[in-house]
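Because the structure is predicted, anything quoted here is derived from the model rather than measured. In the text below, chain A, chain B and the rest are named by the order of the sequence lines, each starting its count at 1.
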Protein chains: 2
Amino acid sequence: MDVSVKGEYALRAVFELCSRGASEPVKIADIAAKQGIPQKFLELILSQLKQGGFLNSRRGASGGYSLAKSPEDITVGDVIRHIEGPLATTRLSDDHPRPSDSPFNDLWREVDAAVSGVIDHTTFADLLARWKEKRTRQAVSWQI
Amino acid sequence: MDVSVKGEYALRAVFELCSRGASEPVKIADIAAKQGIPQKFLELILSQLKQGGFLNSRRGASGGYSLAKSPEDITVGDVIRHIEGPLATTRLSDDHPRPSDSPFNDLWREVDAAVSGVIDHTTFADLLARWKEKRTRQAVSWQI
DNA sequence: TCGAATCCCTATCAATTTACTAGAGATTCA
DNA sequence: TGAATCTCTAGTAAATTGATAGGGATTCGA
C-alpha cells in the first residue's frame, strides 16, 4: 500500500474534525491552517469526502464542514479507499494482465489481507484515544 | 505497498530461474518469452538484479543469467526492495514533511510491519513449493 | 434585501514517475 | 574471426500527482 499525499491530507482533515468533538462546522481555511494543507487542494479533498458520506457541509458565513458519522464508525480504510480507490498491491489492468494462476497471486492476497487487517480495524475513535493517551503520557513524563 | 510492473517482472524472472533448478545460464530472450516480458525492459531489470547480488551472468554465445543464491536464501521482500526502493506506506520527503508525532505514525508502522511480515518470510523456495503442490493438486483433481 | 463569507465546480498545469524502446559497445565461445 | 549474448547510456510517450485559477452558488447577518 502507498498512501499519497492527498490520502494523508484526507486522513488528517477527518482527524482534525474528530478531535474537535461534534459542535459547529469548521471552515476549510481553519483545517488547512491547523494541518498545514494547501487550502485549494483541501477544498477538493473535503468535497470528495462529502461525496463519500463522511462529512456534511454548510455554505455561507459561519459555514464549514462537520462529521457525518461518529468517529467510531469511520475506519482509516474507509477513508483511504474512498480517496485513493481500491488498494490492491498489484492492479491487473487490460494492458498488464497476469495469468490467473500466477505463483504470486496468493502472496498478494496475503499482503492485502495483512494491510486490511490493520486499516479496516482502526477507527478514528481509536486514533483519537491513542493520541490523547500518548499526549497525557508525555505530560506526565514532563512533570517527573 | 504497491508493486510496480517492473517489480513484478523482477519477481517473475527470479522465479523462472528458480524453477529451472541451477544448471546452465538462461538467456534473457528465453526468460522474456516464457514470462511474457518485453525483452529490452527485462535486460535492465536483470542487470539491476545482478547489481543486487541476486544473479550471475555470462556473456557471449551460450551465455545468460543464473541464480547467485539458492531459492531459500532469497525472499520476496529482498527482491522488491532492491527494485522498488524502500517500501514505506508514506514516504516523508523534504517537500511533504509530517510532524514526528503525528497520530498516524504508529499506524503506518503497523502497516509496514504487517507487509514485511509477509514478504520477508516468503522465500522463492516457499513459492516454488507452494506452486508445485498446487499444480499436483490440480493434476489429481483432473484424474478424478 | 444586500453583501460578505463561505463552500462548490471546472479547467489547467508543471513535475515526476512509469513502462518502455533504440542503438551501439563489450565479452565470450566455437 | 564472427556470431551470439550481455551491458550501458539515452531518450520518450503516457499517466499520475500535487497542486493552482477563477469564478459560481448558498447562506446568514445586518
Side-chain angles (χ1 to χ4, degrees), chain A residues 2-13 17 24-33 35-52 54-66 68 80 83-87 90-98, chain B residues 2-13 17 24-33 35-52 54-66 68 80 83-87 90-98:
Chain A
D2 274 16
V3 177
S4 67
V5 171
K6 183 181 178 186
E8 184 151 356
Y9 286 166
L11 294 171
R12 300 230 295 259
L17 288 173
E24 306 277 285
V26 182
K27 288 176 243 178
I28 295 177
D30 288 355
I31 303 176
Q35 292 286 335
I37 301 172
Q39 177 164 348
K40 279 305 232 175
F41 195 21
L42 183 58
E43 286 185 17
L44 302 179
I45 295 167
L46 291 177
S47 158
Q48 200 175 334
L49 286 170
K50 184 189 175 180
Q51 305 308 315
F54 301 99
L55 306 181
N56 292 320
S57 66
R58 209 167 60 201
R59 298 200 237 195
S62 78
Y65 278 95
S66 52
I80 294 186
I83 294 292
E84 318 245 21
L87 286 185
T90 58
R91 295 190 260 288
L92 13 79
S93 63
D94 296 341
D95 207 20
H96 296 108
R98 183 161 12 98
Chain B
D2 275 16
V3 178
S4 66
V5 171
K6 182 182 178 186
E8 183 150 357
Y9 286 166
L11 294 171
R12 300 230 296 258
L17 288 173
E24 306 275 287
V26 183
K27 288 177 244 179
I28 295 178
D30 287 355
I31 303 175
Q35 292 286 335
I37 302 172
Q39 177 164 347
K40 280 304 232 175
F41 195 21
L42 182 59
E43 287 184 14
L44 301 179
I45 295 167
L46 292 177
S47 159
Q48 199 174 337
L49 286 170
K50 184 189 175 181
Q51 306 308 315
F54 300 100
L55 305 182
N56 292 320
S57 67
R58 209 167 60 199
R59 299 200 236 196
S62 80
Y65 278 94
S66 53
I80 293 187
I83 294 291
E84 316 245 22
L87 285 185
T90 58
R91 294 190 260 288
L92 14 78
S93 64
D94 295 340
D95 208 20
H96 296 107
R98 182 160 13 99

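- Taking atom NE2 on A:H96 and atom P on D:dA15, their separation rounds to 12 Å, with Å as the unit.
- Here the side chain of A:E84 pairs a donor or acceptor atom with the backbone of A:S4 at under 3.5 angstrom.
- For B:K27, the listed nucleotide lying nearest its side chain is D:dT5; candidates were D:dG18, C:dC20, D:dT5.
- Checked by atom type and distance alone, the side chain of B:E43 never pairs as donor or acceptor with a backbone atom of B:I28 at under 3.5 Å.
- No contact: A:L46 has no heavy atom under 4.0 Å from any strand.
- A:I83 places its CD1 atom 12 Å from the P atom of D:dG18, with the value rounded to the nearest Å.
- Of the candidate nucleotides C:dC7, D:dT20, D:dC8, C:dC7 has the atom lying nearest to any side-chain atom of A:I28.
- Of the residues near DNA chain C, B:G60 and B:P38, the one whose nearest nucleotide (by heavy atom distance) lies more toward the 5' end is B:P38.
- Relative to the side chain of A:Y65, the nucleotides D:dA4, D:dG18, C:dC8 differ in distance, and C:dC8 lies closest.
- Straight-line distance from the NZ atom of B:K6 to the C1' atom of C:dT21: 15 Å, rounded to whole Å.
- Positionally, the nearest nucleotide of DNA chain D for A:Y9 lies more toward the 5' end than for the other of A:Y9 and A:R58.
- Rounded to a whole Å, the CD atom of B:E43 is 15 Å from the P atom of C:dA24.
- Under 4.0 angstrom from either OP1 or OP2 of D:dT5 there lies no side-chain N or O belonging to B:S57.
- Look at CG on A:D30: it is 13 Å from C1' on C:dA5, rounded to the nearest Å.
- Mapping A:F41 and B:R59 onto DNA chain D by nearest heavy atom places B:R59 closer to the 5' end of the strand.
- Heavy atoms of B:K40 sit under 4.0 angstrom from at least one base atom.
- The shortest side-chain heavy-atom distance between A:H96 and B:E8 does not fall under the 4.5 Å cut-off.
- As a whole-Å value, the separation of B:L55 CG from D:dC6 C1' is 13 Å.
- The two residues B:S62 and B:P25 come nearest to each other via the heavy atoms O-CG, 4.3 Å.
- Atoms CG (B:D95) and P (C:dT16) sit 9 Å apart, rounded to a whole Å.
- Rounded to a whole Å, the CD atom of A:Q39 is 16 Å from the C1' atom of D:dG18.
- In this model, the phosphate group of C:dC8 is approached by a side-chain N or O of A:K50 to a distance below 4.0 Å at OP1 or OP2.
- The side chain of B:L44 sits closest to C:dC20 out of C:dC9, C:dC20, D:dG18.
- Within a 6.0 Å radius of CD in B:E24, other residues, nucleotides and ligands contribute 12 heavy atoms or fewer.
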